[in-house]
J.: 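Before we start, here is the structure in question, set down as structure tokens.
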Amino acid sequence: MKSMKRNRIAYAIGLAVLGTPSAYAAKNLALEEVVVTAQKREQSAMTVPVTVDTFTNQDLENTGALNMEDIQAYIPGLKVGDGVRGGGTTQSSFIIRGIDSSNISTGGDPSVATFLDGVYLPRAAITVPFSDMERVEVLKGPQGTLFGRNAAAGVVSFIPNAPSLEETEGFVMAKLGTYNLFRVEGMGNVPLSDSLALRLNALHNQRDAVIDNKGTASPDPGEQDNQFARLALRWETNDKLSMQFAYDIDRVDNGPQARLSISEEFSNYPDPTDRKLETDAIGGGETRDMQGFTGKLWYELNDVSSMTLIASYRAFETYNLQDEDATADESVYVDTNNIEDSDIAYFEMQFNVALDWVDAVFGANYSREDTYQQTALTFSYGAVLELASGMASIPQGLLNSLLGGAVAGNYVTETMTNEGDFESYGLFTDLDFTINDRLNIITGLRYSNDKKSFSWDAPLTDFVLSQLLQENFFFNSDGLESASKSWDKITGRVVANYQITDGAMTFLSYSTGYKSGGYDSLNTGTRTAPLDPEVVSNIELGVKGDFFDTRLRTQVALFNMIIDDRQEAIESRTPESNGAVPTVINTDEDIQGIELTADWLASDNLRFGLVYTYREQESSREAYYNAQGEFVIADQLNVSSPQEYTLTMDWSPEISYGLLLFHLDYIYEENTEPSNEDHQAFFNVVNGYGDDTQLLNARVAWNTPSGAYEMALWGKNLLGNDRVSQPGGLTGTDIGTYHVGIVDPVTYGVDFKVIF
């Protein structure tokens with residue numbers, strides 16, 4: 001068997017070196033035009049009066065990115081998930097310009113809208129893998145006019161490659177790396193006739209955990225196992241009518257998120273930089289079973305106008321059970337599980353009219369979403385004793401030392417079940433007026449309407465204390481409770497863009513965005529007092545273009561965003577609760593900042609890049625209870641974002657055979673967590689806490705002269721950075737079982753690709 005494997009490897013290497021010698025070949029790294037659809041029509045990214053960053057297929061290869069979490073450092077103002085901890089697959093969220101979203105409740109919505117091939121994606125579906133992806137577009141600031149639903153802070157748009165009628169093509173790629181990383185991807189595009197083309201792509205990704213699990217439970221936290229496939233069929237019926245049908249399927253069966261305990265009392269491995277943890281989570285893991293159908297139709301009405309129709313249906317089921325105490329000590333056992341079973345139907349109709357003096361877009365969209373969510377919290381009887389000890393100021397472990405043996409092996413599970421029925425529709429128009437050869441004025445307007453029906457049900461458990469008190473410890477409802485409400489809003493934008501030179505422009509814009517009100521899935525009080533809608537206004541001055549004979553490409557944006565009633569997720573412990581639970585409150589925000597991207601072509605074969613962002617933020621919160629149960633009056637918090645920048649280099653030296661490309665990037669993020677409001681003095685003794693992020697990644701790729709074969713070596717976190725997140729967790733305050741996340745360790749591997 002081993003001999004056969006060696007023969008296969010030798011055969012693959014033999015294929016890779018086939019080709020005709022090409023003396024002194026090098027890759028031209030010229031700054032190529034990128035076409036985007038940020039304004040619902042195809043335009044060059046350098047002429048769109050919106051701050052939009054793109055990540056192309058080549059960028060995805062250079063970084064080895066699997067999903068959005070892997071590319072956040074290359075796009076200014078973008079974060080994915082909760083910092084170092086990440087957001088996982090099913091409860092992740094996109095953060096643009098410091099505006100994050102509550103990702104704990106199906107009764108609320110994200111502040112950043114996500115689209116796949118022009119179709120809106122719900123929160124739990126946004127972490128689609130990058131399989132045969134043409135590009136990713138990230139639009140910053142309110143995009144409510146054209147994208148509507150939940151585009152208050154921005155939009156992330158995934159654009160997969162479409163079927164091509166031109167030629168038969170395809171590729172097979174394999175990525176092998178440390179921790180038994182194995183990723184294989186394939187794509188095939190086949191013209192079935194002069195008017196019909198089929199495109200199929202599939203991806204399988206598997207990797208062991210990068211943290212050593214010393215606990216009793218499996219799967220190991222952080223291990224990956226996911227598959228994705230997409231089938232698309234394009235039919236050019238005639239010169240005027242085109243149609244496309246696509247189906248995608250997604251299977252995720254990952255381990256739970258890696259949470260490392262820092263507890264000297266309950267953990268055997270309190271130093272997170274040892275990269276060891278213990279988990280005894282019963283049934284831990286994170287899964288998603290998802291499929292989606294999309295139909296698109298394009299019709300040329302005449303020489304100046306066209307129509308687009310989109311219809312889509314997506315269904316998914318998720319499961320996410322996490323170890324909340326991050327130890328293998330039964331006396332403090334707590335886990336949470338989030339189960340969802342939802343589906344969404346989305347429809348859009350759009351008309352484009354292109355005249356000499358105006359380019360107009362107008363249309364309507366509608367979505368219907370049915371959601372089911374069950375949030376479960378399981379804790380041991382021993383954890384109740386520890387909770388009671390904290391409330392009565394009894395030393396940790398004392399009650400368990402006296403009574404633990406009698407209650408060992410007993411657990412209780414509380415659940416909150418929510419069901420939602422949401423309808424949303426919008427009407428929009430956007431007019432781009434040509435004033436003269438250099439000046440354009442854009443005006444846009446949108447009417448949005450959202451209606452939500454939502455319910456809560458938290459049955460009383462059979463736990464002895466719950467029966468005596470006639471209430472649960474954490475989740476309570478008065479039987480089945482329900483609510484219904486609708487919200488609407490008119491949003492719009494005004495933009496002036498001026499062409500400075502043939503290759504550079506500047507723009508000044510005022511735009512507004514809106515996210516509907518909603519409900520907190522764990523707070524039945526929002527039945528009578530729903531969350532207020534989130535309203536955003538943004539003034540932005542931007543400059544973008546190519547300078548110095550197209551040797552320098554840059555995009556600079558200065559912005560001031562004001563958010564009224566942002567829906568912010570916090571840990572809160574009310575007088576009626578025995579512990580802190582995730583809660584959503586409204587805050588007001590005033591954010592000012594600068595974002596910069598620059599690419600400098602030092603020579604035809606050497607390019608440098610810079611990504612930089614800086615923000616200052618003022619937050620005014622409504623009164624709330626914090627995680628310690630203390631009542632905090634309405635207050636104001638002033639913060640500056642950490643200094644963040646990413647440096648990149650691409651170099652293709654001349655060689656005598658084939659083509660060589662070196663890619664290098666350095667990611668820096670200042671750690672400001674020790675100065676934020678949740679910091680506690682004892683956090684300072686945790687190794688890795690307070691460290692800055694400093695990641696050095698590299699990749700060197702070699703292509704055969706024919707371009708049909710590629711091999712690459714790559715490495716990540718080559719400096720061995722050990723930054724950990726700020727300690728937190730549901731049971732941190734009440735029991736002392738704080739835990740952290742940590743950046744991935746040094747990893748390395750090889751890529752093989754065959755193009756045909």
J.: With sequence neighbours left out, write down each residue that passes ring pair (Phe, Tyr, Trp, His ring centres under 6.0 Å) with Phe147, or none if nothing qualifies.
T.: Phe115
J.: Between Thr587 and Glu589, is there a side-chain donor-acceptor contact under 3.5 Å, judged purely by atom types and distance?
T.: yes
J.: Would you check if the distance from the ring center of Tyr519 to the ring center of Trp456 is below 6.0 Å?
T.: yes
J.: Hey, are Glu534 and Ser111 close enough side-chain-wise for a donor-acceptor pair under 3.5 Å?
T.: yes
J.: Quick one, Tyr411 with Phe379, criterion ring pair (Phe, Tyr, Trp, His ring centres under 6.0 Å). Give me CA distance, side-chain angles, the key distance, then yes/no.
T.: CA-CA 6 Å; Tyr411 300 85; Phe379 48 91; 9.4 Å; no
J.: Can a donor-acceptor pair be found between the side chains of Ser105 and Asp520 at a distance below 3.5 Å?
T.: no
J.: Between Leu321 and Ala281, which heavy-atom pair has the shortest distance, and what is it?
T.: CD2-CB, 4.0 Å
J.: Quick one: CG on Leu469 to CZ on Phe463, what's the gap to the nearest 0.5 Å?
T.: 9.5 Å
J.: Taking atom types as modelled, find out whether Ser424 and Asp450 have a side-chain donor-acceptor pair closer than 3.5 angstrom.
T.: yes
J.: Looking at residues at least two apart in the chain, or sitting in another chain, which of them share a side chain to side chain donor-acceptor pair (under 3.5 Å) with Glu348?
T.: Lys40, Tyr346
J.: Under 3.5 Å, is there a donor-acceptor pair between the Ser455 and Glu419 side chains?
T.: no
J.: What distance separates Glu330 CD from Thr327 OG1, expressed to the nearest 0.5 Å?
T.: 10.5 Å
J.: Please determine, by modelled atom types, if Asp289 and Tyr319 share a side-chain donor-acceptor pair under 3.5 angstrom.
T.: no
J.: Checking Asp248 against Gln291: is there a side-chain donor and acceptor pair closer than 3.5 Å?
T.: no
